[in-house]
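For clarity, every value in this text was computed on a predicted model and none was experimentally measured. To find a chain, count down the sequence lines: A is the first, B the second, and so on, and within it residues start at 1.
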Amino acid sequence: MDLTGMISLLAPEVLLTAMLVGLLLLKIFAEQIKPGKTLTLVSILFFAATVLALFMRSNASLFGGMFITSPIIGIEKAILLMATFIISLQAFQWLSKFRNYIEFYMLLVSILLGMFIMISAGHFLTFYLGLEMATIPLAALAAFDTEKPRSSEAGMKLILSSAFSSGVLLMGISFIYGTCGTLYFDEVHSLYTGGALQLAGFVFLVAGFAFKISVVPFHLWTADVYEGSPVAVTAFLSVVSKGASVFIFMGTLYKVFGMINGSWVYILCILAVATMVIGNLFAIRQQNIKRFLAFSSITQAGYILVGITSGSIQGTASVVYFMLVYLFSNLAAFTVVGVIADKTGKENISDYNGLYKTNPKLSVAMMLAMFSLAGIPPTAGFFGKWFLLASGMTTGIFTLIVIASLNLVVSLYYYLRVVKAMFVDENEMPVEYIRSSNASRMGLIICTTAIVLTGFFSFIYQYIYSFSTGIQ
Amino acid sequence: MNLNLLLLIPLLTLAALFAVRDAAKVRWISLAGMGIQLAASVVLLFMYMAQRSAGIATQLLFESSTMWYESWNIQYHIGVDAVAVAMILLTSVVMVSGVLVSWNIQKQVKEFYIYLILLGLGAYGFFIANDLFTMFLFFELAVIPKYLLISIWGSGKKEFNAMKLVLILMFGSSLVLAGILGTYYQTTIVGGNPSWDLITIGSLDIPLHAQQVLFPLLFVGFAVLSAMFPFHTWAPDGHSSAPTAGSMFLAGISMKLGGYGCLRVASWLFPEGARFYSPYIIVLATIGIFYGAFVTLRQKDIKMMNAYSSVSHCGFVLLGIGMLTQTAMTGAVLQMVSHGVMTALFFGVIGMVYERTHTRMSDELGGLLKVMPFIGTCFILAGLTSLGLPGLSGFVAEMTVFVGAWQVNEIFYRTATVLACMSIVVTAVYILRASGLAMMGPIHNKSYVSLPDATWNEKLAASILIIPIVIIGSAPFWLSDMVNSSMGTWMAGLLTQAH
């Protein structure tokens, strides 16, 4: 294959690498550049990359099958890029106070690059390479606010738990290598018979993934890290980092372990039920809004697992679609949290009491985000949840669906708590009127518009569906 | 008539409400929007009757179907039959009246009307929808704004009661969700193709064991909204805390969403399941009727009284559905309409009384008929409808339910019917006592003497509700025939095999 052909298949990765180098040069040669200009530049590039990834229509493999690209992988990359784009918008106001703000973008880009390699992996080595490339800068990002001890603590916790989960993953990979003699996805797929050692390898692998997606009982790092990290990083962790892990988890399950779906369906069911129930129960008790969103995102992971159990084309499509919807809902919530935390430093749910009186627009955006996360129509979250549960139904495990829908009621309770704080509760000292920056306002407008409209335009789902594949 | 009009009008009203700030404009825009909607509903009724009398006998009229999510085979399928037309008319009447009685709200006027009209939008969408996805979408849309309506504009323990109401209703809707997804799964198994369409699924032969699982999920899920015992506890608390228009919507329309769902979704899709569970429904409905009536006896708060009596009255709806005869089911629909307008009138009048006297305790009131003849008359009229006085709509509805129920010639069903009939005596006791205490007799509190009677908006609100009560009560056959023939078409599969 000639070079241009290769570059066209690697377009998002090449663009991100170029961005990385560009930012580095910017840091060295033009440190006096205004943050606003950098933001504009970075945003435009992120947006360009999103569009580029969205229209990657070719099915191809590169480097002897170690790197795979396909339209659905392109869509997944576009979703991650879109999320990063919105996060860079919402982070701007907070970020412009830092002297080393360019590093933030550099870390962001290098994490994305790692995730793209991970998602496109066709070999366990490229997968692991991408994973580590994403994880280590992520910990640096969590510790970005160097003046706050909690931030460094969060970074430390993240790197330790990531290292542990990577170890578990590697253990699983080595078992698989030991029994199959190869690490290529398609070869493992044909050699995988479901023997004892292979199953042990599979279980380790699932445990490693469960850490990354923060599935109960591997979720314990989540709340602390989310609480300690700066808001923008928490948003990144809960959307982009989780999304990338979900995509590759689903990819390996379907592509590599499709043969033994009879066994992993039940593993996933148990994990899904545990994740939904525990996530819900803990979310009820939270006072800090970031911890609250952490547990809410754990619960959402449970619903995503329900969708993954399906193994069908609808399963892939609905998980990818849900991540898209979840991106907008969660980022809308985090943008509001970020704006308020940045101006007042308040992060408790009770601080939001009476917010509607002083900041009606922020409150309405937050309400839409909460309803979308809770899956209330007509927000996009309703459509996302519906498709997840409906595709989970294709396996015929009705009990799982009943439990999942009952959990929706519990989660509605705590999402309503936030709405209640903003709209119903009285407060002598509500948060004063906040004029949010243009960047975060633009992020909010994108998110809320998407929350309201995404569900009604079915072509978005149909587009994802037309490129999805089920178990092979 | 294009049924999308029924969604478009509230949507345009909402859009107009977003654009204005002034409270007076907000009120007038809401009234205009809901007024046009009422006119559209009346036109729909006449067009429906014209089409039927022209001999068009399809299950649904004004049908239209658009593919929405092709890979799931989700269609936006709308169409109405007589039951839906009656429900739409009921919704329109209650909405106009609700807008009018809320005229004096001072706090966050714009938000209040936005939430109220959103609720209405949910109800309209639910009644015209004929595929499970669209139906469920609108069903849930009609739940959440209630939370805000009650907890912001309510009274008493409003925040707790609002949360309780929404969680219990959402519990019901989660059962419905599970039931719908299970139904979808069955369509892929039995029919080969996924389907969400009510008519398509109704024609499939879903196996009994599946019906036995899915029917109770859907039925109970919907019946929670109709305050079926033992899931009725949200009703008194929610109603008594809600603002007047909120109670009117809750009892007048929202409880009917439940009954309509039980009838249209649960019983229509799973006739064998319905037959299997019919005794259980009857038992729960009878308990609800009796328990509701006796608890009502003990209430001194007139709003609480009407809230508990709604539990009792909605029991008749469930009883009618559970009897599985055409007449009883027609009666259930008539009861939904009748109870809808009656209870809306009652809550409206109670709201007017409370606004003036600032108490709802029947023993603190007294002699109000003398100082406010209009409100007093409406109160007594609503009470008489509630206890089933001939000539008013309550009598027609309850009578039809009882006649239909008596047609089931089995000792168990007959006992339930007799028991349910006897509850009317209890109803008479609490209604007459409350009317006597609150409206007649001497004026206990001297400050009440100077209280004003109803204003123009309140008079209009009450009149709009009284008209259907009197029309249905004195000339019921146009409605009952219309519903009856639709019921025959819908329930043919269910009824031929029943009993």
Side-chain angles (χ1 to χ4, degrees), chain A residues 313-314 317-318 321 356-357 360 364 367 370-371 374-379 382-383 385-413 415-417 419-420 422-425 455-462 464-466 468, chain B residues 66-72 74 76 108 111 115 118 121-122 125 132-134 136-145 147-148 150-154 158-159 162-163 166-186 188-189 194 196 210 213-214 217 221:
Chain A
I313 301 177
Q314 297 282 25
S318 60
Y321 181 76
Y356 182 65
K357 294 240 164 63
V364 170
M367 174 167 80
M370 289 295 127
F371 283 162
I376 300 297
T379 58
F382 169 74
F383 294 84
K385 285 266 164 62
W386 184 285
F387 297 148
L388 275 186
L389 297 189
S391 50
M393 195 63 236
T394 49
T395 53
I397 307 173
F398 190 47
T399 324
L400 178 68
I401 304 303
V402 175
I403 296 174
S405 19
L406 287 176
N407 269 294
L408 284 174
V409 188
V410 183
S411 57
L412 177 68
Y413 168 72
Y415 290 124
L416 268 184
R417 261 184 69 208
V419 176
K420 173 173 176 280
M422 295 184 300
F423 284 81
V424 180
D425 287 342
F456 292 100
F457 293 109
S458 56
F459 68 85
I460 300 171
Y461 183 84
Q462 293 300 340
I464 297 173
Y465 176 79
S466 61
S468 298
Chain B
T66 321
M67 186 55 85
W68 194 0
Y69 279 92
E70 202 172 349
S71 54
W72 289 106
I74 290 175
Y76 173 68
Q108 302 184 23
E111 285 85 347
Y115 297 144
L118 260 181
L121 182 69
L132 293 169
F133 182 81
T134 319
F136 189 78
L137 190 152
F138 284 110
F139 182 65
E140 284 213 335
L141 186 62
V143 171
I144 292 300
Y147 175 75
L148 293 165
I150 297 176
S151 56
I152 298 178
W153 291 273
K158 54 183 185 174
E159 285 157 29
M163 189 60 99
V166 165
L167 288 183
I168 295 182
L169 294 190
M170 287 307 279
F171 165 72
S173 92
S174 80
L175 295 185
V176 172
L177 172 62
I180 289 177
L181 293 173
T183 313
Y184 153 75
Y185 178 64
Q186 286 301 323
T188 58
I189 300 285
W196 309 86
V213 176
L214 295 173
L217 278 174

Heavy-atom contact with chain A under 4.5 Å, split by part of [X]:
{"X": "F133(B)", "answer": "both"}
{"X": "L148(B)", "answer": "side chain"}
{"X": "V143(B)", "answer": "neither"}
{"X": "F171(B)", "answer": "both"}
{"X": "S71(B)", "answer": "both"}
{"X": "I144(B)", "answer": "side chain"}
{"X": "I189(B)", "answer": "neither"}
{"X": "W196(B)", "answer": "side chain"}
{"X": "L118(B)", "answer": "neither"}

Practice task
Begin with the C-alpha distance, continue with both residues' side-chain angles, and end with the deciding distance and a verdict on ring-ring contact (aromatic ring centres under 6.0 Å, His included) for Y69(B) and F387(A).
Solution key: CA-CA 10 Å; Y69(B) 279 92; F387(A) 297 148; 4.8 Å; yes

Exercise for the section: Report yes or no: does E159(B) contribute a side-chain atom to a donor-acceptor pair with the main-chain N or O of D425(A) at less than 3.5 Å? Expected result: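 No: the side chain of E159(B) does not pair with the backbone of D425(A).
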
With a 4.5 Å cut-off on heavy-atom pairs, point out which of [options] contacts chain B the most.
{"options": "F459(A), F371(A), Y413(A)", "value": "Y413(A)"}
{"options": "W386(A), Y461(A), F456(A), F457(A)", "value": "W386(A)"}
{"options": "R417(A), K420(A), Q462(A)", "value": "Q462(A)"}
{"options": "N407(A), V419(A), L406(A), I313(A)", "value": "L406(A)"}

Practice task
Could you verify whether a donor N or O on one side chain and an acceptor N or O on the other, from Y356(A) and Q108(B), lie under 3.5 Å apart?
Solution key: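 Side-chain D/A pair, Y356(A) to Q108(B): absent.
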
Problem - Minimum side-chain heavy-atom gap Y184(B)-L389(A) below 4.5 Å - result: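 Side-chain contact under 4.5 Å: no.
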
